[in-house]
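In what follows, every chain begins at residue 1, and chains take the letters A, B, ... in the order their sequences are listed.
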There are 2 protein chains.
Amino acid sequence: MNGQFQIAIHILTLLDQAGDDLLSSEYIAGSININPVLVRKEIRNLRNYGLINSKEGKTGGYSLAKASAKIVLADVYKAVKSHPALGQAKNLPNPACAVGRQINQHLDDLAAEVDTAIVGKLTKITLADFSQKFK
Amino acid sequence: MNGQFQIAIHILTLLDQAGDDLLSSEYIAGSININPVLVRKEIRNLRNYGLINSKEGKTGGYSLAKASAKIVLADVYKAVKSHPALGQAKNLPNPACAVGRQINQHLDDLAAEVDTAIVGKLTKITLADFSQKFK
DNA sequence: TGTACTGTAACTTTTTTAATTACAGATGAA
DNA sequence: TTCATCTGTAATTAAAAAAGTTACAGTACA
């Protein structure tokens with residue numbers, strides 16, 4: 001469990017509030033209260049998913065790559081997700097045991113079903129919906 | 001992210017397959033391929049939620065506390081859950097910032113909604129459904 | 001009364017996450 | 001030009017979380 005999703009939502013919300021103004025990693029980090037390098041790392045990821053634009057150089061900074069009404073929270077979830085929401089076993093179960101031999105496959109199937117449920121939920125919420133709560 | 005849910009499901013599946021026979025922590029640990037003490041710890045938790053019976057002493061071991069058709073995977077999820085599925089931020093956002101000041105509340109609300117979706121999904125699946133895949 | 005379990009605390013090791021440092025590259029302004 | 005202020009990213013360190021281990025008391029049966 002980590003706070004990547006929360007950080008990503010926080011960043012995107014700030015950028016939405018800022019409109020066309022560019023925000024610096026320093027400013028964003030100050031609002032979240034984390035290290036600016038982590039902000040830049042997370043933004044690199046979100047940019048790869050087409051959610052954020054960045055501009056280098058003196059007057060550089062970040063802005064949303066598209067309207068917040070066009071971004072659903074499931075986009076953020078997918079961008080950030082590294083492990084299944086249910087967690088992940090890191091042990092190799094005993095292949096000599098009938099249950100151990102097959103359980104990882106069945107657990108993976110289950111995790112995928114749960115993931116689908118989460119994405120279904122988060123597809124119904126846009127960044128604009130979320131961001132609006134702060135106005 | 002950890003593997004508690006997976007371990008719990010593994011334990012419960014083994015116990016279901018064993019029927020009335022008691023299984024030892026040693027045996028269970030051998031199937032999962034983890035330390036027996038971790039099995040006993042997880043079972044203590046599941047027992048507190050009324051899912052498992054244990055018997056001490058020489059012929060001791062573990063068994064299901066009720067029929068696997070009466071256990072839904074949401075019971076296991078709730079028993080095991082320590083953090084919200086979306087993760088949890090551990091930083092204190094900046095209270096001087098309009099977004100930082102309120103975001104934790106809104107993120108918590110969102111996490112609760114997602115959690116409800118997960119529980120909804122996992123309430124439809126019984127341990128018997130899952131365990132049946134191994135027969 | 002010995003054996004084979006569970007129950008649990010304390011501690012160590014490993015893994016993961018977050019923070020930090022450092023610096024190259026970009027861009028605009030004096 | 002050249003300085004200031006950003007981003008981009010690698011490398012390292014520190015902190016936190018998870019898993020593993022050791023140890024031993026308590027229980028129950030033979």
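- Among the nucleotides C:dA18, D:dT5, D:dT22, the one closest to the side chain of A:Leu38 is C:dA18.
- Put simply, B:Arg47 has no side-chain N or O that comes within less than 4.0 Å of OP1 or OP2 on C:dT6.
- The shortest distance between the side-chain N/O atoms of B:Arg40 and the OP1/OP2 oxygens of C:dT8 is not below 4.0 Å.
- Taking only side-chain atoms of A:Tyr62, from C-beta outward, the nucleotide of C:dG2, D:dG8, D:dG20 with the closest atom is D:dG8.
- With D:dC29, D:dA23, C:dT6 as the choices, the nucleotide that has an atom nearest any side-chain atom of B:Ser24 turns out to be C:dT6.
- In this structure, the side chain of B:Asn33 engages the main chain of A:Leu92 through a donor-acceptor pair within 3.5 Å.
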Between A:Glu42 and A:Val80, does a side chain to side chain contact (heavy atoms under 4.5 Å, CB included) hold up when you go through it step by step? CA-CA 9 Å; A:Glu42 188 52 46; A:Val80 148; 3.5 Å; yes

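- Put simply, the side chain of B:Asn53 never gets that close to the backbone of B:Ser63: no donor and acceptor are under 3.5 Å apart.
- Toward the 5' end of DNA chain D, the nearer of the two residues A:Ser25 and B:Glu56, judged by each one's closest nucleotide, is A:Ser25.
- For the side-chain hydrogen bond (donor to acceptor under 3.5 Å, both in side chains) with A:Ser68, the lone residue among A:Asp16, A:Asp129, A:Thr126 that qualifies is A:Asp16.
- Residue B:Tyr27 places none of its side-chain N or O atoms closer than 4.0 Å to OP1 or OP2 of C:dT6.
- Heavy-atom nearest nucleotides on DNA chain C were determined for A:Gly57 and for B:Gly57, and the one closer to the 5' end corresponds to B:Gly57.
- The nearest whole Å value for the distance from the CD1 atom in B:Ile28 to the P atom in C:dC5 is 12 Å.
- Each of B:Gly61 and A:Lys41 lies near DNA chain C, and the nucleotide nearest B:Gly61 is the one positioned closer to the 5' end.
- Between A:Asn35 and C:dA18 there is no side-chain polar atom (N or O) within less than 4.0 angstrom of OP1 or OP2.
- When heavy atoms are screened at a 4.0 angstrom cut-off, B:Ile34 is found touching the sugar-phosphate backbone but no base atom.
- If you take CG of B:Asn91 and P of C:dT17, they are 15 Å apart, rounded to a whole angstrom.
- Counting heavy atoms from C-beta outward, A:Arg40 and A:Tyr62 have side chains that approach closer than 4.5 Å.
- Whole-Å rounding puts the B:Leu46 CG to C:dT6 P distance at 15 Å.
- A:Lys55 has a side-chain polar atom (N or O) that falls below the 4.0 Å cut-off from OP1 or OP2 of C:dG28.
- Taking atom CD of residue B:Glu42 and atom P of nucleotide D:dA18, one finds them 13 Å apart after rounding to whole Å.
- For D:dT7, neither phosphate oxygen OP1 nor OP2 lies less than 4.0 angstrom from any side-chain nitrogen or oxygen of A:Arg44.
- As rounded to whole Å, 11 Å separates atom P of D:dC6 from atom CG of A:Leu22.
- The distance from atom CG of A:Asn33 to atom C1' of C:dA19 is 12 Å, rounded to the nearest whole Å.
- A close approach under 4.0 Å does not occur between any side-chain nitrogen or oxygen of A:Ser54 and OP1 or OP2 of D:dT7.
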